[in-house]
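So that the names make sense, note that chain A is the first sequence line, chain B the second, and so on, each numbered from 1.
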4 protein chains.
Amino acid sequence: MPKIVDHEQYRKELLAKCFDLFAEKGYAAITMRQIAEGLKVSTGTLYHYFPSKKALFEQFVEEASKQEVLMATAELEGAQTLQERAEALGKYLVKNEDYQIKWVYILVDFFQHKDAKEVQENGGFEWVTEIYKQAAYDLFGIQDRVLIAFILTFIDGLIYERLCGNRMVSIPEQCTLLGKMLTAYLVE
Amino acid sequence: MPKIVDHEQYRKELLAKCFDLFAEKGYAAITMRQIAEGLKVSTGTLYHYFPSKKALFEQFVEEASKQEVLMATAELEGAQTLQERAEALGKYLVKNEDYQIKWVYILVDFFQHKDAKEVQENGGFEWVTEIYKQAAYDLFGIQDRVLIAFILTFIDGLIYERLCGNRMVSIPEQCTLLGKMLTAYLVE
Amino acid sequence: MPKIVDHEQYRKELLAKCFDLFAEKGYAAITMRQIAEGLKVSTGTLYHYFPSKKALFEQFVEEASKQEVLMATAELEGAQTLQERAEALGKYLVKNEDYQIKWVYILVDFFQHKDAKEVQENGGFEWVTEIYKQAAYDLFGIQDRVLIAFILTFIDGLIYERLCGNRMVSIPEQCTLLGKMLTAYLVE
Amino acid sequence: MPKIVDHEQYRKELLAKCFDLFAEKGYAAITMRQIAEGLKVSTGTLYHYFPSKKALFEQFVEEASKQEVLMATAELEGAQTLQERAEALGKYLVKNEDYQIKWVYILVDFFQHKDAKEVQENGGFEWVTEIYKQAAYDLFGIQDRVLIAFILTFIDGLIYERLCGNRMVSIPEQCTLLGKMLTAYLVE
DNA sequence: AATGAATGAGCGTTCATTCAT
DNA sequence: TATGAATGAACGCTCATTCAT
């Protein structure tokens, strides 16, 4: 009998530990040695679980997407009025700002390394968007798909601005404004 | 008898030709040889004008930022009502979608390769944001800095969504909605 | 309660299955994993029976040499005249051409990986030659050691030509000629 | 202007120096680093002249084949009777024994790394055989193609026997016997 | 000024071997 | 006994950079 290891579970543990590594250096710039070191395994072990750097990255993005959605949906609950909810969103984003920024780094990297066709073919990650939409619906009680897309787009924009080091955009301030605009638009 | 060349001007010509190269492969993944080929010069020549790959990239981002702002401000003119203006913005973004996406790739790459400190120190690119804000002011006639930040943030979010292959977000549709929300919010 | 296995016999079974593996890829190019797969055991088991890749190869060559001689001597019987015997040899070589070529691959590999000294020291495989000579004596009824060496040398040359893809050399034709030359030489 | 180098000529110089390297370790066992060291260049330079290890080896075999034929044809001249010629051949082979053995190592390696189809397709090296045949014709004054093939086959067998460390086969002795057998066969 | 040959550290990956089970 | 997970040195190859011309 060989060393007893749950191959599949250990693979996922390794993937989970990759987040900061890919976020901070980017796919192309990080080396398999650095990843192995960060994961505290040898390069050989890395290749025992993943056939290539590319495959490791793709499996990682898939796994991280799932986690990201679970995290977000779990945290956004309990606020009452639209305004309260928008501000709760702001607090959530502020609290997780670093994580969100890293996630943007990872996704941008991911999409840059896919050619457009590949993205359209496998559709790949539209289900992520879909789940986000559902979360936005639950949070804001809004059905209008265009309006939900508006909110999500704005959130992404917020994170992107912070990523760019734009300290003039304040997340809570902007979320408060979002709340007001939604209210104004809906009561009209 | 050296070839007579305006060193400074040629340097800028070379930088201008780098856009697609950096956008499509990313800083880490593209090689100096590929850049040299794309620019139709030898690697030796590249190093004659730029001391290193890093320096080339940084000079490129600086130059491209300036161009980006010039382009954007030049194109957004003439619409009358707030609604018309928001929709003009939508048309502009749709027309330049590929360019905008590439620009996001480049900037994300750029910020990823800076450590946070470096970003804050040289402030670096806050003047870009500033110019965008001025452009937004000119376009929408809005003075409120938080509101302007809201609009810019939303625009960045739009481009980011497209970059992620999210075809469910329609730029014109979202811009129309932006116009309505601004109107509703301001008349209130 | 260990599985009951005749260690020594299983070792030989494993060696016997190595023939094609070493012949087709060569010692340096084949990996222990590939060998293990070909033998339908784990690498661990392989190392349980053989201390190293080198040792495995050397034990394999020794075992295969013995088999090779047994095969050859068993098959060459019954022809009467010198001419008939030479032609019987031709038929045998044609029938086993692939095997013979593989055997050349293996032996060349083996001798290449020994430095000259090692070959002379352990004498290593001269007994193989010796057995071949005895077989040639039995087959052709020739005592002259130089003449027997001539015949064996020629046979090796035949196989080597085929290995090199030289389709212009026909084994039966050449064996017929060998018969004629031997006859002419001996009757003289 | 770059460093002035005749790319093509230097490439051939490098190939010429590869002989012992490939002969002594074999294609699969020798590393590009070892080759670079043996050639006194860096690995980078090696890859500047050859796109891959495989390509280097194939170019090397092609170049070495040409040299081999030139060498052999140049040296075999001047003997008078058939017997004298056979013995001249013996002397030549003895003198070049090491080289011939190395050449066998290289060719066997080469053919092992080609699949059978590839060998038949490009025919590849039949022209080598052809030139050898011409040389044998010139040396022995023999037209019969089967007989020439016999002689060449025997020569290859001789070299192969020596490669295998078979010291009981004496090249001059065997060549003398070859002369006698040819004479006996032809006068008959 | 401009070229591209040369370098060698470092990349993604493989492999003989070890060892916990 | 038998397994296959784990290791890390070493592989083929690439790359930013230097420098003779």
May I have the distance from [X] (atom [atom1]) to [N] (atom [atom2]), rounded to whole angstrom?
{"X": "Y10(D)", "N": "dT21(F)", "atom1": "OH", "atom2": "C1'", "answer": "16 Å"}
{"X": "L46(A)", "N": "dT14(E)", "atom1": "CG", "atom2": "P", "answer": "12 Å"}
{"X": "H48(D)", "N": "dT18(F)", "atom1": "NE2", "atom2": "C1'", "answer": "14 Å"}
{"X": "E8(A)", "N": "dA5(F)", "atom1": "CD", "atom2": "P", "answer": "12 Å"}
{"X": "D6(A)", "N": "dA5(F)", "atom1": "CG", "atom2": "P", "answer": "11 Å"}
{"X": "R11(D)", "N": "dA5(E)", "atom1": "CZ", "atom2": "P", "answer": "14 Å"}
{"X": "F50(A)", "N": "dA5(F)", "atom1": "CZ", "atom2": "P", "answer": "13 Å"}
{"X": "K25(A)", "N": "dC11(E)", "atom1": "NZ", "atom2": "C1'", "answer": "12 Å"}

On DNA chain E, nearest-nucleotide positions of T45(B) versus K53(C): which is more 5'?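 The residue mapped nearer the 5' terminus is T45(B).
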
Watson-Crick or G-U pairs under 3.5 Å in DNA chain E, rendered as dot-bracket with [ ] for crossing pairs and | for another strand: .||||||||||||||||||||

Closest approach of [X] to [Y] (non-hydrogen atoms, all atoms of both residues):
{"X": "M32(A)", "Y": "T43(A)", "value": "O-CG2, 4.4 Å"}
{"X": "G26(B)", "Y": "D109(B)", "value": "CA-OD2, 3.1 Å"}
{"X": "K53(A)", "Y": "Y27(A)", "value": "NZ-O, 2.8 Å"}

Test side-chain hydrogen bond (donor to acceptor under 3.5 Å, both in side chains) on E13(B) and Q9(B); report intermediate values, then the result. CA-CA 6 Å; E13(B) 281 175 31; Q9(B) 187 202 312; 2.7 Å; yes

Ring pair (Phe, Tyr, Trp, His ring centres under 6.0 Å) between F111(C) and Y105(D), intermediate numbers included: CA-CA 9 Å; F111(C) 286 110; Y105(D) 278 133; 8.5 Å; no

Suppose we screen for ring pair (Phe, Tyr, Trp, His ring centres under 6.0 Å). Which residues come up paired with F22(B), at least two apart in sequence or across chains?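 With sequence neighbours excluded, F22(B) shows a ring pair (Phe, Tyr, Trp, His ring centres under 6.0 Å) to F57(B), F60(B), given in chain and number order.
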
Does any N or O in the side chain of Q112(C) come within less than 3.5 Å of the main-chain N or O of A23(D), such that one atom is a donor and the other an acceptor?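 The answer is yes, because a donor-acceptor pair under 3.5 Å joins these two groups.
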
For S65(A) and V61(A), indicate whether the former's side chain and the latter's backbone hold a donor-acceptor pair under 3.5 Å.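 Yes.
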
Around atom CD of Q34(C), are there more than 12 heavy atoms of other residues, nucleotides or ligands at under 6.0 Å?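 Check passes, neighbour count above 12.
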
Below 4.0 Å: OP1/OP2 of dT14(E) and any side-chain N or O of Y47(A):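 The answer is no; no side-chain N or O of Y47(A) sits under 4.0 Å from OP1 or OP2.
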
Whether Y49(D) contacts dA6(E) is assessed here as follows: a side-chain N or O lying under 4.0 Å from the phosphate OP1 or OP2. Is that the case?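 For dA6(E), OP1/OP2 do have a side-chain N/O of Y49(D) under 4.0 Å.
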
Tell me which residues in residues 27-44 of chain C put a heavy atom below 4.0 Å from DNA chain F, sorted by number, or none.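 Going residue by residue through residues 27-44 of chain C, the ones with a heavy atom under 4.0 Å of DNA chain F turn out to be R33(C), S42(C), T43(C), G44(C).
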
